[in-house]
Amino acid sequence: MTILVTGAAGFVGAAVAAALLDRGEAVLGLDSLNDYYDVGLKRARLARLEGRPGFRFLRLDLARHDEVLALARSEPALDRIVHLAAQAGVRHSLVDPWSYLSSNVTGHLAILELARRLPRLRHLVYASSSSVYGGNSKLPAAEDDAVDEPLSLYAASKRADELMSRTYARLFGTPMTGLRFFTVYGPWGRPDMTPFLFTRAVLEGTTITLYDGGRLQRDFTAIEDIVPGVLAALERPAAADAAGVAHRLYNLGNDRPTWMRDFLAIIERACGKAADIREAPVSAAEPKATWADLTLARRDLGFDPKVPLEEGLPRFVAWFRGYYGL
Ligand SMILES: NC(=O)c1ccc[n+]([C@@H]2O[C@H](COP(=O)([O-])OP(=O)(O)OC[C@H]3O[C@@H](n4cnc5c(N)ncnc54)[C@H](O)[C@@H]3O)[C@@H](O)[C@H]2O)c1
């Protein structure tokens, strides 16, 4: 039996694929290797997977839905899917909205259509995002809170994924679990995210833009905690809920919201250098705070985040220095 991991050259996808291979699973990794950020980093993540027993890679854009559906015939052994490919990033959705529709809506639909055609499929796990909570003021955010006020097209596309998935689970009975990740960071992370941007700026001595004077809060979650959460979800195919629909949603976060100013201070300590800070007003697309209520994930998945920022951020900085030779 084989697990399809989409976004396998991405930050989370490469880490999940590696953990599945560690368990002796067969993994078909899929990724378009698009150039939203440094393709060299994506290839370097992939290079760590290629050649490992059980791993195969397919370069494909999910928006090419006919080619995605052809996998139902060419890969009949697929019995689980971890769908992590997406156009990520909140701010970029103000710059290139079309890529969000193509990857996150058309691409997600391609995976749903593939899933219903796979005769052996047991479970589809897919990435949603804490950004679906939008401008909600209730904290911590829980899965049954209202999610009707997305602040960005990225958030709207992730909410659309949740709704499309629930519809397909209802219509076709495919068990599905959506995971709302809260700002994931760690080694091999994403260059458009603050851990990366801040670390590079501190080490290179360039100016950091701190939105709202650092008075934003984020529930940063270490990749070392996210990966076991994804695997725990994958192991437990969603059972039908009270409405008879085998679809569930879980927050995967850290339950420890941190002020951005404090976050930057940890990076400064890990780099041994002070940051050059410029303050700027925050974009209307960014929530003021994120904070995951983990009650459901703890109860159903045994999810238990262990890595505090004081431990995870220095580990990230050490990786960054080694990888970029800084
Ligand atoms: N990292 C986070 O903090 C975070 C937070 C919330 C949600 N998420 C979600 O988790 C998932 C993984 O995020 P990540 O941080 O690893 O992002 P990433 O950008 O590193 O990985 C996504 C991968 O998907 C690939 N991809 C994009 N569009 C594609 C398409 N149309 N067809 C095939 N491949 C495509 C990209 O090339 C990339 O390698 C995404 O769905 C993202 O929206 C991430």
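In each ligand, atom 1 is the first atom listed, and ligand 1 is the first ligand listed.
The minimum heavy-atom distance linking Val5 with Ala8 is given by the pair O-CB, 3.6 Å. Across Gly253 and Pro305, no two heavy atoms sit closer than the pair O-CG, 3.6 Å. The two residues Tyr211 and Arg91 have their closest heavy-atom pair at OH-NH1, 3.7 Å.
For atom 16 (O) of ligand 1, the nearest non-hydrogen atom of the protein is Val12 N, 2.8 Å. Nearest protein heavy-atom contact of atom 24 (O) of ligand 1 is Ala85 CA, 3.3 Å. Nearest protein neighbour of atom 25 (C) of ligand 1, counting heavy atoms only, is Asp31 OD1, 3.3 Å. The protein heavy-atom contact nearest to atom 17 (O) of ligand 1 is Arg190 CD, 3.2 Å. Closest to atom 7 (C) of ligand 1 among all protein heavy atoms lies Ser128 O, 3.1 Å. Ranking the protein heavy atoms by distance from atom 26 (N) of ligand 1 puts Ser32 OG, 3.7 Å first. Looking from atom 20 (O) of ligand 1 to the surrounding protein, the closest heavy atom is Tyr37 OH, 2.5 Å. Given atom 21 (O) of ligand 1, the protein heavy atom at minimum distance is Gly10 CA, 3.3 Å.
Checking Phe220, Tyr154, Phe11, Phe182 against atom 8 (N) of ligand 1, the nearest heavy atom belongs to Tyr154.
Ligand 1 places these atoms under 4.0 Å from at least one heavy atom of Gly7: 23 (C), 24 (O). For ligand 1, the atoms sitting less than 4.0 Å from at least one non-hydrogen atom of Asp61 are 30 (C), 31 (N), 32 (N), numbered in the order shown with element in parentheses. Heavy-atom proximity to Leu62, at under 4.0 Å, picks out these atoms of ligand 1: 30 (C), 31 (N), 32 (N), 33 (C). Heavy-atom proximity to Ala127, at under 4.0 Å, picks out these atoms of ligand 1: 9 (C), 10 (O), 11 (C), 41 (O). For ligand 1 and Leu84, the ligand atoms under 4.0 Å from any heavy atom of the residue are 11 (C), 12 (C), 40 (C), 41 (O). In summary, the atoms of ligand 1 found under 4.0 Å from a heavy atom of Ser103, numbered by their order in the structure, are 28 (N), 29 (C), 30 (C), 31 (N).
Using a 4.0 Å cut-off between charged nitrogen and carboxylate oxygen, Asp225 and Lys306 do not count as a salt-bridge pair. Taking the charged nitrogens against the carboxylate oxygens, Lys138 and Asp293 have no contact shorter than 4.0 Å, which rules out a salt bridge. Look at Glu286 and Arg218 and you find a salt bridge, because one of the NZ, NE, NH1 or NH2 atoms lies within 4.0 Å of a carboxylate O, short of that distance. A salt bridge links Arg117 with Glu113: the closest approach of a Lys/Arg side-chain nitrogen to an acidic carboxylate oxygen falls below 4.0 angstrom. Using a 4.0 Å cut-off between a side-chain N of Lys or Arg and a carboxylate O of Asp or Glu, Asp31 and Arg45 do not qualify as a salt bridge. A salt bridge links Lys288 with Asp212: at least one charged nitrogen is closer than 4.0 Å to a carboxylate oxygen.
Taking the six-membered ring for Trp and the full ring otherwise, the centers of Phe263 and Phe220 sit less than 6.0 Å from each other.
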>> Would Gln217 and Asp262 count as a side-chain contact (heavy atoms from CB on, under 4.5 Å) here? Give the steps.
In response: CA-CA 10 Å; Gln217 280 185 312; Asp262 297 337; over 6 Å; no

> Can Thr106 and His65 be said to form a side chain to side chain donor-acceptor pair (under 3.5 Å), step by step?
Replying inline: CA-CA 8 Å; Thr106 304; His65 48 83; over 6 Å; no

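Residue contacts with ligand 1 leave out His83, since none of its heavy atoms falls under 4.0 Å from the ligand. The closest approach between any non-hydrogen atom of Leu60 and ligand 1 is below 4.0 Å. Ligand 1 is approached by Ala9 to a heavy-atom distance shorter than 4.0 Å.
Here Arg180 has no heavy atoms under 4.0 Å from ligand 1, in either its backbone or its side chain. Only backbone heavy atoms of Leu33 (N, CA, C or O) come within less than 4.0 Å of ligand 1; its side chain stays farther off. Contacts between Tyr185 and ligand 1, counted as non-hydrogen atom pairs separated by less than 4.0 Å, are absent for every part of the residue.
Considering backbone and side-chain N/O atoms, Ser130 never comes within less than 3.5 Å of an N/O atom of ligand 1.
Between Trp188 and the choices Phe320, Phe11, Phe316, Tyr323, the ring-ring contact (aromatic ring centres under 6.0 Å, His included) rule is met once, by Tyr323.
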